[in-house]
Structures are given as structure tokens and as C-alpha cells.
Amino acid sequence: MKRWLKISLKILSVLVILVILTWLAGAFYISRNKKEVLTTILAQLNKNLNGEITATSMEPTLLKSFPGVSVSLNGVLLRDSLWSTHKHDLLKAQDIDVSLNVLSLIVGNININQIAINNANIYIYTDSTGYSNTSIFKSNKKEPAADKSPSKNSALAIKKIDFNKVSLILDNQKRFKLFNFNIDQIQSRMQYPDSGWTGKIKLKTHVNSFAFNTRKGSFLKDKSLEGTLSAHYSREQDAVILNPEILNIGNHPFKIGAKIDLGKSAFAISIAVDDILFKDVAMLLSPNISSKLLKFGIEKPINIRGNIVDDGSGKYGDPLIKVGIKVRDNIISIPAGKLTAANFDGSFTNQDTSGGIIGDENSAIKFHRLTAKYFNAPLKIDSFTVTNLAQPIATGLVTSQFPLTNLNNSLGTQDFEFKQGTADLRLYCKADIDNFRFTKPVVSGSIKIADADILYVPRKLRLVKSALNMNFNQNDLSIQNGHFQLGKSELNVSCFIANFANLYYTAPDKIQVNLKMHSPQLYLNEFLPFLGPRSTAKKSSSSGNSMKAASKELSNVLEVSKMNINLTVGKAIYDKFLAKNLVADISLRGKGIYFDKISVAHANGTLALTGSILQEPASNAFKINSKISHVSVKDFFYAFDNFGQNSITNKNLKGYLSSLVNISGRISHSGKILPRSIGGKVVFNLNNAALVNFEPMVKVGKFAFANRNMSNVEIKNLDGTLTIKGDKVEISPMQVNSSVLNFNVKGTYALGNGTDVAMDIPLRNPKGDENLTNQERRAARMKGIVLHLKAVDDDKGGIKIRWNKDHD
């Protein structure tokens, strides 16, 4: 063996022996002087404390920190001087392991190298006045600035501090803060340069509460924290700085950095995380924030950057929070549906106005450069902002261009089916958000529909070659240049709806639509679907519940809103009815169609009409008040299909009719008047009229006037009143002066059974009285032989004529 190696081994052996001897000496000293060592340790720990640390006993644990020596302090209590007032122990530990420097121990000093706190509770308490039990560490003695921070040689320069199974609570009653951790393990390795100290801190803990404001709930509730942090204390700044390091929060890696200003009790935390699900982020936040965020969803992982800052003033209670988010090619769930292929940069802050308060009232969520598809309709929003989360207000400019067919299979109830057409949308919107529903909206901008082919399923109405411009002026809506074609009918439309945007959400039944319509020609039978009940469209299983609700909401608005229609038509056609120069004011309210005013030229005369149709399941009830002026009675009865009866038809009538009609009845969903349903009164005047081939008159002629032409009874003028009661027509007493005979008539004419018409017929021929004056003719009218007849039912369902024995 070489000489230098032998010398080295000898020196090493001597050093090992010295270490062992020193360690044995220290161990022997501790074993023999436990009380004195405990007293010295406690004195060292109590140095400069405004309170007291106590321990019930001390036991040496000699091999735990070889070559140093260690002891275990049992039943340790650390209490500040005001403990008797607030009753919160700053530290209560079953045992604390303390590692001592052997050489310092031998020379009579205690230099603590390492402390391990085990099975302990640490409660850092601040009362409502701002007093904290950490004041135990504030020295009453003013020390030189050079001694303000521990140095390498200081007895308090502890190089290793460990926590094992420790409950740590920071309870600030003045600032409403509560931080509560179950620490499984914290290992810190410390160094003490002249500038302060540096350390590596490895932690594994569970968060019970991380509440910056206990009135609003905790961040990181029931989440685990695990990782290694690099920290250093700057004596110059009196601040602890945590360098950005990876910390696993809830099993997801976050990059966390922080600065804690000890002098101001302020802090700033920076957070960065990539590829994390939105819902996982929301669950890390306090309930007042997460409850709002969880109304939304983002399916694919996102990247987030954020900062939490507290200036220590306690002015606002909450810390300043700023969060940025990047979303690319993602699917966003919102209360009104889903945004697909979504891209945007988002941000959140709870201090939107610089220098303003921190809290919901000054919070804002902002979306920048948002592009997405909303139920197959592409959207572009340069900037969309939700401010004041206490009473949220949303603002943004929305633009979109797309074919209407993109909306098919997207509207939940399929009330609308689009065959073709395009939409061009540009809207600036501002609206309150109540439980994530838009209310009190203010909208400006336009929606342009061109070349549209639309089927409105509930009414089975198909509109082709349709176009319109919808212009929003804050709350009001106007429609211009509207054009629709329904079958062979063409409509040009303009419309104004006051306060539409607000009432749409809050009171759709109060919406009043003022609609002006003009048409060169209308086929009224093409609008008969309005008479029938709404049909039920098939529901799409592919759409979300929110879109179904929105579609149902739109359909409901269309059904319950009030519509006033001013209609002018060059020519209106309905089956046999032809009207010209139609002018109408019509109201649609609920299940009713109200004819406020209608005037038309018809059958060489005019008709003025008011009335209503009420939609009911089996058929529809109608009421009509009409004034008929000098219309061809033949054409009039033909146009109205003889008013649902076949006794007196257009084939039996000639002349001109003027009448006041007040009737009600029922009309089918296909537009046919139901037989025997009409009731009311008709006051009429016939001028230059004729009754042609009217069966009762022909039978009377065969019975009594074989030599007179009863098949063509000419009447110069006739006034009468008819009361209609279902299948019966009551004829008020009426004098008929005709070309073949004069007679008086009254009674009941039945469309079925129940005919009972009394007729008083003088046999004298009116032809013989033609040269008499009107007064003489009236006086001679009932002279001579008068037949008193009655028309009644026969056994075969027809009418028979018999003597009226009971005549007046």
C-alpha cells in the first residue's frame, strides 16, 4: 500500500472516530441532562416571542439525525400572549422532532438544524380588529437591521423544516378569509444567504378551504396539491417569492408562481395551465363564479393563463382576478344551444374598470374574434362582452351569412322547414341576462332574407319566392320590402312592431304587430289553414333541449301575439266568391280572427262587413254584421253557396239586394258553412226582383192559379225581415206584391221538418189593377175572394199546401 494512501486512511479513521465520539458525547449529554436541554431548547425557541412555547416532555431520538443528535418534544403548545381571549392555539403538536448541532450543544449553546412537526394543528388566527396570534413572533426589542433576518450562524437558521400529518388553518375574521389544509407532508430545505433565505419546498396536501372571501365560498375545494416549489425571502423587499414551478392541483399540472409581501400582507399569484377541461377549471373556483361558468360547457381541452392579486389593503374583500383563455376548434354549450367549430380568445376580470371596485358588479367576461357555427349558421363576433355579473348585461356585434337550409333539423320542434333562400345578419345587441336568459334586449341592425322557400308546419303554409328586410332599431322592429307568394297569391308586406325585442322575452302576448299588406290578387282558400287548429310537428332528437325551447318560444310568440292587418287587394277570390277593390282591417288575437272593417265591390254592388271567427277544435264559430248595398241577388247567393241551404238558391232569384245582416254560425276548417248552424236576423230589400221556379210558389199556382205564371214571379220592391234559427227561417209578416198575385205571408220555413207558413192570397189578378193609382191599388188589394192557405210538411219530407182554417 502506498504511503499517501495509508496516511489518508489514518486521517479518515481519526475523523470518523472523532465524529462518533462527538455524537456519543452529545447523546450522553442529552440523556443525562434532558431537563436542562429541554429548558435550553424552549428558551431558545421562546426567545423574542410575545407568548410562550411549552412541551410536556422530551425524549432523545439518537439515530434519527446522525451524525447530529435529535430529540422529540412531546405535547407542544405555542400560544400568544392573548390566548386567554381568543382561545386559539397557534401550534398544538403531539411531537416535534428537533435536530441539534452537537458542537454547539457541547459548548453550551443550542443550534437547531432541523425541525419536524408531526401530528399537529396549526391555527393562525386574526380577529375582527386585525389582531393576529402570529404577533407572538414580533419582538419587543429593536434589533439592528443587520440582524433582522436569520444568518448562517444564527441559532434560528434552521436548515430543514418538515410537516407530517399537520392541519393548517389560516382564519382571518377581519378580511373574511379562511385557508384550511390537511398537510400530508411538507419538506423544506433552507439556505440563508445575506439577502434573506432560499429554499426548496416539497408538499403534498389536501385543501379543505381556500376562501379569499368566506361569504362567496372556497377556491380549490376538496382538491389535492402536490409538487415542489422554489422559494426565497428577500430581506430588502420583505417578501417571499415563489418561482414558477409545476404544482399538481387535482391531478392536473399547473405552473404556479407567487410573490407574498409580508409587510403589506399582500400577494400576487400567477397561474398557467394547458390542455385542461373547462369543467375541471370551473370546479377549482369559488361557487359564486363556478355556478355561473357551469351554465356553459367547452368539450375539448383549453389553455388558461391567470393572475390573482391582493394588495393587502382589504379595501374590496376579494382579490383581483384576471384570467385569459384560448379556445380553438371547440364545441361550446350555451343556454340557448351549442356553438360548433368555435374559436375565440376570452378573458375574465373582476375589476373591469381600472381603479373601480373588485367584485361581481365590476366583473366582465369578454370574447374576442369569435367565430363559430350556431345550429349550422356561421357566426362572427368581433367582440362580445358580459359585464356586471351581479346583474349581467351582454353586448356584442353579431354577423352571419348562410343558406336557410342550414337551419333544417336544427330547430327543435321543426315548426319551420326551409327549402331554399339565404340570410344575411348584422346585429348589435345589448341585453340583460336573467338566469342566463336574455331579457330587456336592445337590438340594432338588420336581417335580410332573400329568395326563401319556407314551410310553416303548424299551419301547413308554404311561402315561396319570399324576401324581406327586418330592421331593428333598439327595441322596435320594422319589416320592409317583404314579398311572399302563397300558391297563386302574392303579398307585399311592410310591418312595424313597437318594443318587440323586450316583449318577446317578457310578455309575448302584449306584442302588437301592425302589418300592411297589398296584393294584386289573392286566392282566399289558400289561407284556410289559419282556420284550423295547429298541427303538431315531429320533434328532432338531434337538437338540444335549449334549442327546442327557443323554437317553441318563437312558435308561441307567433301564436299569442296580437296582429293588426291592413289589407288592400285588387281582386280576392274564394271558390265562387269574387270581390274587387278589397280593403280590410283584420286583427289576429289568440285563437280569434276579427274583421274590424272590410269593404269590397261585389256582384255589381258593395259589401261592408265586420265580424269574427273563433278557432275551436271541431269547427269554428263566426259572427257577421254586414251591410249589403245593391248587389245582384243571384250572384250574391251564388258566391256564398246559398248560405248553406238549398230551398231558395241563386237559381230562384233575380234582382238587386240591399240588406243588413246580423248572423252567427259555424264554419268548418275547410271554410264551408255548416248546415243548420246559422242564427240571426236578415233585414232586406229586393228591387226589380223575380222569384224563379220557387217550389212553394209553383205548387200554389198548380193548386189555385193554373192560368197564371207562378214560375216567374216579378217583384218591383219587397221589404222583409227573416230570423234564422238553425234549420228554420222565421218570416216576419210581409206583404208581397208581384206580377202574378199579391199575398201576405208569415210563419216558419224549415230546411228539415217544421215548416208552417201562413199565406193570405186574394184571387184577383194584379194585372187588372195596373191602371189604378198606388192608393187605390192598396185599398183594392185584399178585396174579393181571398184564399187562406198554409204550407206544411208532408209525410214524404216535402211540402204540402192545405187550407188554413185558423187564419187571422
Side-chain angles (χ1 to χ4, degrees), residues 212-213 215-217 219 271 278 281-282 284-298 302 304-311 315-327 332-337 339 342-372 374 379-400 425-445 472-475 499 501-502 504-506 546:
F212 297 105
N213 189 332
R215 293 167 293 189
K216 296 183 179 179
F219 289 74
I271 303 171
F278 175 79
V281 175
L284 297 177
L285 305 176
S286 59
N288 69 308
I289 300 175
S290 63
S291 61
K292 296 179 176 67
L293 294 181
L294 289 174
K295 298 285 186 179
F296 305 88
I298 303 178
I302 55 177
I304 296 178
R305 301 291 182 269
N307 293 284
I308 303 174
V309 179
D310 191 326
D311 63 6
K315 183 178 180 181
Y316 303 115
D318 292 342
L320 171 64
I321 299 174
K322 292 185 177 181
V323 179
I325 179 175
K326 283 189 175 182
V327 174
I332 314 298
S333 298
I334 61 176
L339 300 176
N343 298 276
F344 66 86
D345 294 333
S347 64
F348 167 79
T349 180
N350 58 354
Q351 190 184 38
D352 186 42
T353 304
S354 180
I357 66 170
I358 295 176
D360 285 350
E361 294 80 0
N362 196 25
S363 294
I365 301 173
K366 299 181 180 180
F367 303 87
H368 304 284
R369 297 172 294 280
L370 188 151
T371 60
Y374 182 60
L379 296 179
K380 181 180 179 182
I381 304 175
D382 291 332
S383 179
F384 186 81
T385 303
V386 180
T387 56
N388 186 4
L389 297 188
Q391 295 179 334
I393 298 175
T395 57
L397 176 64
V398 182
T399 61
S400 181
L425 180 149
R426 183 178 179 84
L427 294 175
Y428 174 80
C429 306
K430 181 178 180 181
D432 292 353
I433 302 178
D434 181 11
N435 195 25
F436 295 88
R437 283 172 49 88
F438 290 110
T439 62
K440 301 178 182 177
V442 176
V443 183
S444 299
F472 295 87
N473 182 12
Q474 296 187 352
N475 282 326
N499 206 21
N502 189 12
Y504 182 93
Y505 293 97
T506 58
S546 55

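In this chain, residues are counted from 1 in sequence order. Note that the structure is predicted; figures quoted are calculated from it, not measured.
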- With rounding to the nearest 0.5 Å, note down the distance linking OG in Ser444 to OH in Tyr428.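 If we round to the nearest 0.5 Å, Ser444:OG and Tyr428:OH are 8.0 Å apart.
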- Query: Which value, rounded to the nearest 0.5 Å, describes the distance between Ile381 atom CD1 and Leu339 atom CG?
  - Reply: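 Going from the CD1 atom of Ile381 to the CG atom of Leu339 covers 7.5 Å.
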- Is a side-chain donor-acceptor pair under 3.5 Å present for Asp352 with Asn362?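 No donor-acceptor contact under 3.5 Å links the two side chains.
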- Could you pull out all residues at least two apart from Thr399 that satisfy side chain to side chain donor-acceptor pair (under 3.5 Å)?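 Thr399 satisfies side chain to side chain donor-acceptor pair (under 3.5 Å) with no residue once adjacent residues are dropped.
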- Message: Tell me whether the count of non-hydrogen atoms from other residues, nucleotides or ligands lying under 6.0 Å of NZ in Lys380 goes above 12.
- Response: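 No, because the 6.0 Å sphere around NZ of Lys380 holds 12 heavy atoms or fewer from other groups.
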- Between Asn350 (side chain) and Ile321 (backbone), is there a donor-acceptor pair under 3.5 Å?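 Confirmed, Asn350 side chain pairs with Ile321 backbone.
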- Partner of Gln351 by side chain to side chain contact (heavy atoms under 4.5 Å, CB included), out of Leu320, Ile357, Asp318: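 So the option named by the test is Leu320.
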Do you know which two heavy atoms are closest between [X] and [Y], and how far apart they sit?
X	Y	result
Ser290	Ala282	CB-O, 3.0 Å
Pro319	Asp310	CB-CB, 4.1 Å
Ile308	Phe212	CG2-CZ, 4.2 Å
Gly359	Ser363	O-OG, 2.6 Å

Just distance, no hydrogens or angles: give the donor-acceptor pairs under 3.5 Å from side chains in residues 385-393, sequence neighbours left out.
from, atom 1, to, atom 2, distance (Å)
Asn388, OD1, Ala390, N, 3.3
Asn388, OD1, Gln391, N, 3.4

- Mind checking what makes salt bridge (charged side-chain N to carboxylate O under 4.0 Å, His left out) contact with Arg426, not counting sequence neighbours?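 Counting only residues at least two positions away or on another chain, Arg426 forms no salt bridge (charged side-chain N to carboxylate O under 4.0 Å, His left out).
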- Of all residues at least two apart in sequence or in a different chain, which pass the salt bridge (charged side-chain N to carboxylate O under 4.0 Å, His left out) check with Asp382?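 Residues passing salt bridge (charged side-chain N to carboxylate O under 4.0 Å, His left out) with Asp382: none at all.
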- Can you list the residues that meet the ring-ring contact (aromatic ring centres under 6.0 Å, His included) rule with Phe348, with sequence neighbours excluded?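 Residues passing ring-ring contact (aromatic ring centres under 6.0 Å, His included) with Phe348: none at all.
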- Phe367: what forms a ring-ring contact (aromatic ring centres under 6.0 Å, His included) with it, not counting sequence neighbours?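 Counting only residues at least two positions away or on another chain, Phe367 forms a ring-ring contact (aromatic ring centres under 6.0 Å, His included) with Phe344.
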